[in-house]
*Asks:* 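Got a structure for you, questions after.
Numbers restart at 1 for each chain; the letters A, B, ... are given by sequence-line order, proteins then strands. Just so it is clear, the structure is predicted and the values come from calculations on it, not from any experiment.
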Amino acid sequence: MTHETIGTHAGPLYVAADGPSISPLKQGKTVSTAAIGPWRLIAGKLVRQKVAMVAGFIILLLYLIGLFAEFLAPSLPATSKPQYTYAPPQGLSFFVTKPDGSSELNFHVKGYKVEIEKVALRRTFVVDDTKVVPVGFFVKGPAYKLWGLIPMNRHFIGPVNPNDPMYLLGADRLGRDVFSRLVYGTRISMSIGLVGVAMSLVLGVVLGSISGFYGGWVDTLIQRVIEVVSAMPTIPLWLGLAAAIPLTWSPVNVYFVITIIVSLLGWTSLAREVRGRFLALRSEDFVTAARLDGSSEARLIFRHILPSLTSHILAVVTLAVPTMIVAETSLSFLGIGLKPPVVSWGVLLQDAQNIRTVATAPWLLVWPSLAVVVAVLSFNFFGDGLRDAADPYDN
Amino acid sequence: VDYKEANILKEKVSSGALPPLKDRLPENPLVIKPVESVGKYGGDWNMALVGGGSLSMLFRYQAYEPLLRYKPDWSGVTLNVAEAFDGNADSTEYTIRLRKGMKWSDGHPYTTADVKFWYDTILTDKRVAATGQGHWKSGGQPAKLEVVDEQTFKVIFEKPNGMFPLQVAWANNDQTTRCPKHYLEKFHIDYNPKADELAKQQGFESWIVAFQTASGFRDDNAFFLNSSKKPCLHAWMFTIAPGENTERAVAERNPFYWKVDTEGNQLPYMDRIVYQMVADPQVLLLKAMQGEIDLMDQYIATPNNKSVLYDAREQGQYDFYTLTSTEANVMNFIFNLNHNDETKRKLFRNKDFRAALSMALDRQSLIDAVLVGQGAPAQPSIKQSDPLYNEQLATQFTNYDVDKANAMLDTLIPKRDDQNFRLDEKGRRVTVIFEIDQARAVFLDLFQLVIPMFQAVGIDAQMRTMDRSLWETRVRQGRDFDATAHQFGANGGVAAMLDPRYYVPTDSNAMYAPAWQLWYLDRNNANAEEPPEETKKQLELYDKLKSTSDPAAQQEIMKQILQGAAENFYVFGISLPPDGYGIVKNNMKNITKIMPNSFGWPTPAPTMPEQFYKV
Amino acid sequence: MLAYIFRRVLYMIPTLIGMSLISFLIIQLPPGDYLTSMIATMSDSGQAVDPAQIERLKEIYGFDDPFYIQYLKWMWGIVSRGDFGWSFEWNQPVSRLIWARMGSTLVISLLSLLFVWIVALPIGIYSAVRRHSVGDHVFTFFGFIGLAVPNFILALTLMYIAYRYLGQSVGGLNSPEYAEAPWSLAKVVDFLAHLWIPIIIIGASGTAALIRILRANLTDELHKPYVITARAKGLPEYKVIMRYPVRIALNPFVSAIGWVLPHLVSGVTITAIVLNLPTAGPLLFRALVSQDMYLAGSFILLLSALTLVGMLLSDLLLALLDPRIRFN
Amino acid sequence: MTALPDEVVLSVEDLSIDFRLRTHILHAVENVSFQLKRGQTLCLVGESGSGKSVTARSLLQIIDKPGTIVGGRILLRNGNEITDVASLAPGSRAMREIRGRRIGLIFQEPMSSLSPVHTIGSQIIEAIRLHSSLDKKAARERMVELLRQVEIPNPDQMADRYTFEFSGGMRQRAMIAMALAGNPDILIADEPTTALDVTTQAEILDLIKRLQVERGMAMLLITHDMGVVAEVADDVAVMRFGHIVERGPVDAIYHAATHPYTRQLLASTVKLTHHVEGKLAVVALSPEAPLPILSVRHLSKTFGWHGKANTLRAVDDANFDLYPGENLGIVGESGSGKTTLGRLILRTVEPTTGTVLYRGKDGSEIEVTKLGKKELRNFHRDVRLVFQDPFASLNPRMTVKDVIGDPLIVNGLAKGKALEDRVAELMRLVGLDPMGMERYPHAFSGGQRQRIGIARALALDPRIIIADEATSALDVSIRSQILDLLLDIRQRLNLSFIFISHDISVVRYFCDRVAVMHRGKIVELGEAEQICTAPQEAYTKSLISAVPNPDPRDKRMLHRQRFVAPANA
Ligand SMILES: Nc1ncnc2c1ncn2[C@@H]1O[C@H](COP(=O)(O)OP(=O)(O)OP(=O)(O)O)[C@@H](O)[C@H]1O
Ligand SMILES: Nc1ncnc2c1ncn2[C@@H]1O[C@H](COP(=O)(O)OP(=O)(O)OP(=O)(O)O)[C@@H](O)[C@H]1O
Ligand SMILES: [Mg+2]
Ligand SMILES: [Mg+2]
C-alpha cells in the first residue's frame, strides 16, 4: 500500500471556503503564497539583516586581502629601512597647495624631517609639508611572487618612486611598513587560527552531545576525560612539543600543529555546556516525537536537538575567534607561537607588548588591535545575523 | 680612632641589644674613601628583582665581599676581606691574612676556621656538590689549604696559578667569605652525627640535601634564597629574603659591618635595600619612570627603552650613568665547527666560508636599524683603547661586499638550485638554521634583517627561536645545531684573560667548538675531539698564561693568543657594543658615573654601594 | 542524591590518581629538568657551570631515578606525611609556597569574578532583551575590544595611563610606601587604587564572554510560552526575565562552574605576571617553565582536585537548576 | 470615552489584529466587538484558527511577535473609570496592573505554558503574592487551597512537583489555579477543560460559576465543546475567519441560529452524539476473531523519585488486546495514567513490569518490552503516537514542512519535490493550508498544531495509532471531519486506534470498545455503546453522568453523580 492511496481515495477532507483575509505586504502588490524551504527561508532572512550583511562583506574582504596580500601591500613585510624606525603614520592627501596658493590634484603623502637624538637614542620625525611623496595605484615596486608562484612587481598602491618613504600606518622599530605587514598578517590570522576554532568546535559539540544525550556510563566516561584534559598542564606540553618538533619545520607548520593541539585541549568547556543543554533537552516531547518518527540517534542529536543550541554555539565560536587570532601573543611567552619572519596580527601585537610602543608608537598597537577587533566583530555580527535568521521567533 | 655609627644602632647599643661599636668592628677596619664626599646615614635603596629566580645579580648590590675585590676601573684588584694577600714568586703559594676581630652579621667571629670548614665540607667533600670555585684548583686538583693561625692561611697549588688573585675577586668566586661554620655545622654529618635526623625533621631526604639547602652553594640563586637566617659579611643582610615573601625582599644594615669611611663612620650609610619583586621588566620600567627605583641598569636599560626613560627623567627625578661595555660584540655569529654532519662541518670549518658570510653583512644598516646608529662595524675583539687591541681581529672582513662574498662562495660551493640557493657537495641546499634563545630581543631583530642578507649570497639561512632551557640543551650541550648567536666574551684587559671565550675555546662558553673545549678540559671525555694544530697552539699559550703571575708577561701571552684568534677567525660579529646606561635618582650621592658592565665585575658593586647615600 | 554524591566522590579517587600521574608525566616532557633550567639562568648571567657537578646534583635530587620512582616517592610523601615535596627554585617546602599565595589569589580572583558577574549579568540580560539596540552594539563592541586586545597589552596600556596621567605607582597591590604599613584607611584606599587595573583587565576579557553567551541563550528563551505566562500573571518585566528565562539560560554557565574553582587559583596568569600581582598563577607559570617539578606537580594536583570538586558541584547545581536533568 | 452600560466590565470594539508574515499580511482578527458583563459568561466558539486565542491574548497585550493590534479599542472598566487597554504600552505599569489582577488568563496550552524548572506550587504562589499582601506561609496555604479546589489530589505534596510530573489535565488545572490566584474580575479561559475528564470538568466549571456568583467575575470562555457552552454560557459569539459571524444569547444560538456556520457546528455536535454509522463489526467479540495485533499484559509503571513512601503507580496492571482495524477508546479521570499507558506501549517510558506483545505484518509476535534499539525503531514505524501536547511535540526550530516531512525522510520514503508534495497533501488532508508550510510551529493556533501532529502520525503507513487527545483542540465541525478521515483510513488500511479522549461523545462516535481508567487501573472494558449508555462500574457511571448536554434547555451536568473513590489503594 502506498501513501498516495490515502490521498487519492479520501481526497482533501476539508477545504476552507475562504480563510481569514489576507493582504499583500505593500499596497498594489499581488500576494505570492508559495512556501519556500527552510534553508532559503534562513538565507532570505539573513539577506535582510543589514548589519550582518555588512559584516559578511567585511569578512569576505578580509579574505580577499589575505589572498592578494602581496599585491595589495605597498612594500614587502620584511623590508626594513633603518632610517625610518618608529616613523609615525603619514596622512594620505589628494591635493597639493602650490606656492601661488592654488591647489592641484596630486595624490600624495607627506615626507618626513628626521632628527637623531643621541642621548635619547631615537629618531624624531616631523611630517614635512614641503616634501611631497607622490602616491599612485598599480605602481611598480619591490618584486614579489604572488602566492609564491607568479613573479610580479606591481602594487595596488605605493609611492611612485619606490625609494620614497610611504608609511600610511607608520613604521615599526625596524623601519618596516606597518600597513604592509598588517595586510600580510591577514593571511595567516584569518586562516590558521580558525582551523583550531573549527576543530575544537566539532570536538566539543560532538562529545558534549554524546555525553548529554546518552548519559549513563558514556557520560561518566566523557566527563572523566574532560576532567583529565582540562586539568592537564599545558605549558610543559608546549615546551616538550617545542623540543620534539623537528627544527626543519617551518614556523607556520609548527604553529599549525600547535593550534591543532590547542583545539584538542580546548573543547572541554564547550562540551560540558553542550552536555548540560542536552541533559535538559533530551527528554523534551519533540525529541521523543522525532525518535518515534524513526530518527536515528545521530539524527536526533544533530538534526533535532543541536539546532536548539545554535545561538550558544555561535556565541562560543565568535568568542573563540579572537582568542585564537591573538593566541600567539601568549604562546610566544613559551616560544611556540608564530615567530618572525612570519607575519600575523598576533605577531604584530606581540611586537607591541612594551611600554616603548605604548608611550611613543601607539600606532604599532592600535592598528593590529583594530584589525583583530574588526575581524572579530564581523564574525560576531555575521554570527548574530545567522542566529537571528535561524530563530523561528524572529521576524 | 673614634668610630661613629648610625642612630638606629646607637639605640640598640644603649638598650643592650648590641655590643658597642668598638667591639663590633675588627681591630683594623677597612677604610673606604668616599667617591665624592662623606655621606650621612639613613634612607632606603629602592630596587627591584625581576622574576622569582634570577638572584645571582644580588652580588651586584649587596653581596660583593670577596677576599680581594676589583678596583672601580677594573684595572686590577685591591684588598677587601683580606687584610693581606701575598703570593710567592712562581705563583704556587699564597698567604692570606684575615682581619682580626672581624665578625659575621650575628656577631660570631670570622676566622680561618670558617675557611677550613668551607674547604673540608664544600670544596673537597665529594658527597656535597657545590658550584664553581674552579680557581681553587689547578690541574684538576684542589689546592692545599694550610691554616697558620686564627687569621692566617695559605693556599698551595701544585702548578703555578698566576691568575688566582684576579679570580678571587670574580663575582661569585667568594665562597670562602660566605660560609659561616657555626651556622652550617649542625647540618653536616661530620660535625653533627644527628644531621640526618635533623634533615628528615625538616622534610629533607638526607643531610646532604639539607646541608646544601642551608649553605646555598648549590647555585647562586639558592644562596640568596631564604638567606635571612644565614649570617653574612655583607653591608646589608636580608631580614626578608627573596623567597620568604613573594612581594618584596628587604636587606637591613649589618651592625657588624667592617668598613668605615675616612671619618670613621661605620658603613653602610643607607639603612636598607628594599627590593620589590617584579614579574615583568615592563612593569619595572614603569616603576623606574615613576621614580620608584634608585639605581639600576639591569632589565630596563635597553637601547629600546632609552627614549621613554629619557622622557620620564623629570617625573622620575633620575638621570643616567654610563656603562662601558665589556662585551666583545653586540652579537656573535657562531657556527658549529664540530657539527655532527660531515659536509656541514667541513663547510663551516672553512675560514673562507665564514669570511664570505661576514662580508655579506651590511653592518652599518644593522647598526642604524637596531642600535639607532650607535656602534661601529667590528668583529668580536678587544676595544681599540686597550693595550691588547689587535686590528686584524677587530676589522677583518667587516667591509660590506656582496660580490666578493659571492665570489668566495662560488669557489667553495658554486652550484645553485632553482631558487638560487647554493648546493653543497652532496647536492643538498646549503641551509643554516640559527638557533636563538628567544629572550634575546636584539638578536631577533638583527636576524630578521640578517637573514635576507645571507640569502642574497645564496645561503638558505633560517632562524628558530626557542625557550632558553631548550636552547641550553640543544646548543650548549648538543652538537647537532648548525649555528647560533651569542653575546658576552670580554673586550679588554683582565676580563679578556679571564674569559677569552671567542678567542680560544677554553670552556663550554666557546660554543663554536664544543668538542675542542671538551678536549681542553678533559682529553678522555668521549665527546672530546682533538683540535687542529693552530688551536692547540693557542690552548697551550693559555695554559702558559694561567701560570704566569706578572701582568706584563700575561699581556704578552694574551697578545699571541689574540693573534691566533685573528687568524683562526672562529666567529664573526656585527658591531662594537655601544655603551650602555643605567638610571640613578638625582638624590643618590657618591655614585661613579662611568663604570664597566659585567657579571664578573658585578656592576656596580666594585664602586662600593656601602658608601652610597641619599640626600 | 546522597548515593550519587558518594559515588561521584569514589570516582574521584582513581581520576585524581590518573590525573596526577598524567600531569607528572607531562611536567617531565620538556627536555632537561630543573637543573638544566637552572644552568640556563646561570649561564645567562655569564657564569659557566661544571658538568660533573651537575651530574652529582642530579643524583642527590633523584633526577636520575626513573619517572615512576620519582612519582611514587612524591605520592608516598603526600599520602604518608602530607609532604608535597620541595621547591628547588624557592628552596622551600612546596606547601608553604602554595599557601602563602592563596590569600591574595582568592581575594583577587573572587573580586574579579564578582566584578565580571555584576557587570556582565545585567549587560547580558539587557543585550538579550534589547537586542540590536544601540546599547547592545556598544557593549558588544567594547566587550570584543577587551577580548581581542591581548591582556598583556591592555595591562601595559592601563598601567601607562595610570603612571602618566594619574601618577599612580603601578603593579602589585600596594604602593611601596604602604607595603610595610599596617592596614589603615589610607592603605585600603591605596589598595583599592591598585585594584582597578587588574579587575578591569580580567573583567575585560571575562565579561565579553559572559555577556555574549548569556545574550545568546537568553534570546532563545525569551519567547518561550512560559515566559508569556509569567508576564500574563502581571509580573514586572525584570522579574519575569530574572526568574524564568535567565534561570534556564544559566545552564551553560553552571556547566562551566567546574572550572571556576581551579580558575580562582590559577587564572589570569599572564595578567598577573604583567601586573605583578602576588597570586598563584605566576608562581605556577614559573614552576612549570623552570621545571620545578614538585611545586608544579602539587599545583596541578591541587587544580585537578579543584576541578573534580568543581565538576561535581556543577553537576549538582545543574540538577538543582533544572529538575528535568535531576530526574533523568 | 463612550459611556458603557454599568454591568459591562470589558468592551471590545472593532478590534483588528494583523500578522505581518513573509509573504503577506494576515488579518487574523477583523472588527471584532463584544462585551463582558459582571457575573456573566460569554462563550466564544468557532472554527479552529479563527482568531479566538489571538483575541483573548490581545486583551492582555501579549500577542506573539509579528502580531499587532491595528485597530479598535478594548475598554476596561475600573470603577467609574474606563481605560483603553489597546492604547497602553505592553510593558507599562498600567498594563501590568491589569494582568493577573484585573484580567486572569488561562492559556490554551497549559502543557507548555508552565515553567519547566519551577515547581507548580511556586509558580502559583508567585501569582498569589503578586496580587495580595499574603506572607509566604499564607500564600502557600492559599495555593494549596486553590489546587484542592481544582481537584488536584494531595495538593500539599503535588505542589512541590514539577510540570513534567503532572499529567496533561493536572497541568491545565494548575494553570486554572494560577489564573484564579489573583482574584481577577475578568477571567479569560482559552479552552480550559480540553484535557479534563468530564467529571473534573464539571467540578471546575462549578467552581468558576461559584466565583462568578460570589464575586461577580465576568468570563470569556473559549471552547469547542458545545455541551459546555450549553451548560455555562449566557451569551455566545461565533467566530470564523477572524470575524464574529453571529452573536446572541445562548438559547437563541442553539435554537435559532441564523448563520450557516453556526448551524454546521450544531449539526456536527449532534452527529457526534451517536456512534458512527455503518461501523465495522466489533471484531473482538465475534467468534472468528483474528489474533490481536497488540496485547498488553500486566503493564505497570511506578514513578518514585520522591522517596519510597511517595511512589505513584501511574499505571497499575493494565491488560487488554487490540485487534486489527479496531478503535479502542480509553477514557478516565485526568491523571489516571492514560498518557503513561500509551507511552509504555511505545516504550518512550520504560515499564516497571509487564509485557507488550505486538503482531507484526508477517504475523510473527514481537515482545516489545524486549526489543533492542533497532527493532524498536521498526516498531515505531508501525505504531504511531499523536501527542497530547501538540506544542511540546513540535520542534520549535523546524518548520512545519520539516516536522511533517521528517518521518518520510528518515524512512527514506520521499525527498525533494516529492516530499514537498506529500507534505502539502498531508496538510490539506487535515485541513491546513499548505501555504503555512514554511511557518514555525509557534505561529499556528492550538487546533492547527494538533492537526500538524495528526498529519505527522499519518505520514508513515502506521498499523496502530495511539492518539492521545488528538482532537481536543478542534472545533466540532473539523473534529467530526477529522474523525471521519481517520475512520476512512482505518477502513482502507485496516488501521487500529488506541484513542485516548475525555470527550465521551467522540469516543462513542469513533470507538468500538472503550476502556475506562481510574487511578492507573482499567476498571471497565467493554463495547463503546454499552459503556456510554449502560455503564457497569460506579466510576464509569459517574463519568457518563457528567457529560454535558449540548442543549442549554437541558443542562445535564447539574444532575451528575459524584464518584467517591474507595480509600486510596
Ligand atoms: N514523569 C513523571 N514523573 C512523575 N510522575 C508522573 C510522570 N508522568 C506522569 N506522572 C504521574 O502519573 C500519573 C498519570 O499521568 P498521565 O499523564 O498518564 O495521566 P493521564 O491519564 O494522561 O491524565 P490527563 O488526562 O490529565 O492527561 C499522574 O498522577 C502524574 O502526576
Ligand atoms: N505568531 C503567528 N504568526 C503567524 N500567524 C499566526 C501566529 N499566531 C497565530 N497565527 C494565525 O492566526 C490565526 C488565529 O490564531 P488563533 O490562535 O487565534 O486561533 P484560534 O481561534 O485560537 O484557533 P484554535 O481553536 O485552533 O486554538 C491562525 O490562522 C494562526 O495560524
Ligand atoms: Mg486557540
Ligand atoms: Mg494525558
*Asks:* Testing the basics here: between C:Phe144 and A:Val373, what is the closest heavy-atom pair and its distance to 0.1 Å?
*Replies:* O-CG2, 4.4 Å

*Asks:* Between A:Val358, A:Val372, A:Leu319, A:Val321, which has the largest tally of heavy atom pairs under 4.5 Å with chain C?
*Replies:* A:Leu319

*Asks:* Atom CG in C:Leu25, atom CE in A:Met232: separation rounded to 0.5 Å?
*Replies:* 10.5 Å

*Asks:* What option among C:Ile22, C:Leu303, C:Ile27 has the most heavy-atom pairs under 4.5 Å with chain A?
*Replies:* C:Ile27

*Asks:* Would you say that A:Arg277 contacts C:Asn217 through its side chain, given a criterion of any heavy-atom pair below 4.5 Å between the two side chains?
*Replies:* yes

*Asks:* Assess whether atom CH2 of A:Trp367 is packed by more than 12 heavy atoms of other residues, nucleotides or ligands within 6.0 Å.
*Replies:* no

*Asks:* Go through the atoms of C:Leu318 and report whether side chain, backbone, both or neither lie under 4.5 Å from a heavy atom of chain A.
*Replies:* side chain

*Asks:* How close do C:Thr140 and A:Phe381 get, counting heavy atoms only, and between which atoms?
*Replies:* CG2-CZ, 4.3 Å

*Asks:* Do you know which two heavy atoms are closest between A:Leu349 and C:Ala148, and how far apart they sit?
*Replies:* CD1-O, 4.5 Å

*Asks:* Is C:Phe299 in contact with chain A via its backbone, its side chain, both, or neither, using a 4.5 Å heavy-atom distance?
*Replies:* neither

*Asks:* So which of A:Ala375, A:Pro236, A:Pro362 has the biggest tally of heavy-atom pairs under 4.5 Å with chain C?
*Replies:* A:Pro236

*Asks:* With rounding to the nearest 0.5 angstrom, report the CG to CD1 distance, A:Leu364 to C:Ile153.
*Replies:* 10.0 Å

*Asks:* So, taking the atom named CD1 in C:Ile213 and the one named CG in A:Leu314, what distance separates them when rounded to the nearest 0.5 Å?
*Replies:* 11.5 Å

*Asks:* From A:Ile226 CD1 over to C:Met311 CE, what is the distance, rounded to the nearest 0.5 angstrom?
*Replies:* 6.5 Å

*Asks:* First locate atom OH of C:Tyr160, then atom OG1 of A:Thr357, and finally report the distance between them rounded to the nearest 0.5 Å.
*Replies:* 11.5 Å

*Asks:* Ignoring hydrogens, what is the shortest heavy-atom contact between A:Glu227 and C:Met19? Give both atom names and the distance.
*Replies:* O-CE, 3.0 Å

*Asks:* Against chain A, work out which of C:Thr307, C:Leu147, C:Val149 has the most heavy-atom pairs shorter than 4.5 Å and name it.
*Replies:* C:Leu147

*Asks:* For A:Ile355, is it the side chain, the backbone, both, or neither that has a heavy atom closer than 4.5 Å to a heavy atom of chain C?
*Replies:* both

*Asks:* Could you measure the distance from the NE2 atom of C:His132 to the CG atom of A:Asp388? Nearest 0.5 Å is fine.
*Replies:* 3.5 Å

*Asks:* Heavy-atom pairs under 4.5 Å with chain A are the metric here; pick the option from C:Tyr11, C:Phe253, C:Tyr163 that has the most.
*Replies:* C:Tyr11

*Asks:* When you look at C:Asp220 and A:His312, which way does the side chain to side chain contact (heavy atoms under 4.5 Å, CB included) test go after all the steps?
*Replies:* CA-CA 9 Å; C:Asp220 284 356; A:His312 180 76; over 6 Å; no

*Asks:* Is there a donor-acceptor pair under 3.5 Å between the side chain of C:Asn251 and the backbone N or O of A:Gly276?
*Replies:* yes

*Asks:* What option among A:Ser369, A:Ser308, A:Ser230 has the most heavy-atom pairs under 4.5 Å with chain C?
*Replies:* A:Ser230

*Asks:* Without swapping roles, check the side chain of C:Ser255 against the backbone of A:Arg272 for a donor-acceptor pair under 3.5 Å.
*Replies:* yes

*Asks:* Report which part of C:Asn151 has an atom under 4.5 Å of a heavy atom belonging to chain A: side chain, backbone, both, or neither.
*Replies:* neither

*Asks:* Can you check whether A:Asn380 reaches C:Arg212 side chain to side chain, under 4.5 Å on heavy atoms?
*Replies:* yes

*Asks:* Can you tell me which of C:Met159, C:Arg215, C:Arg164, C:Arg131 forms the most heavy-atom pairs within a distance under 4.5 Å of chain A?
*Replies:* C:Arg131

*Asks:* Can you tell me which portion of A:Leu377 sits under 4.5 Å from chain C's heavy atoms? Options are side chain, backbone, both or neither.
*Replies:* side chain

*Asks:* Can you check whether C:Thr219 reaches A:Ser311 side chain to side chain, under 4.5 Å on heavy atoms?
*Replies:* no

*Asks:* Check this for me: C:Phe142, atom CZ, are more than 12 non-hydrogen atoms of other residues, nucleotides or ligands nearer than 6.0 Å?
*Replies:* no

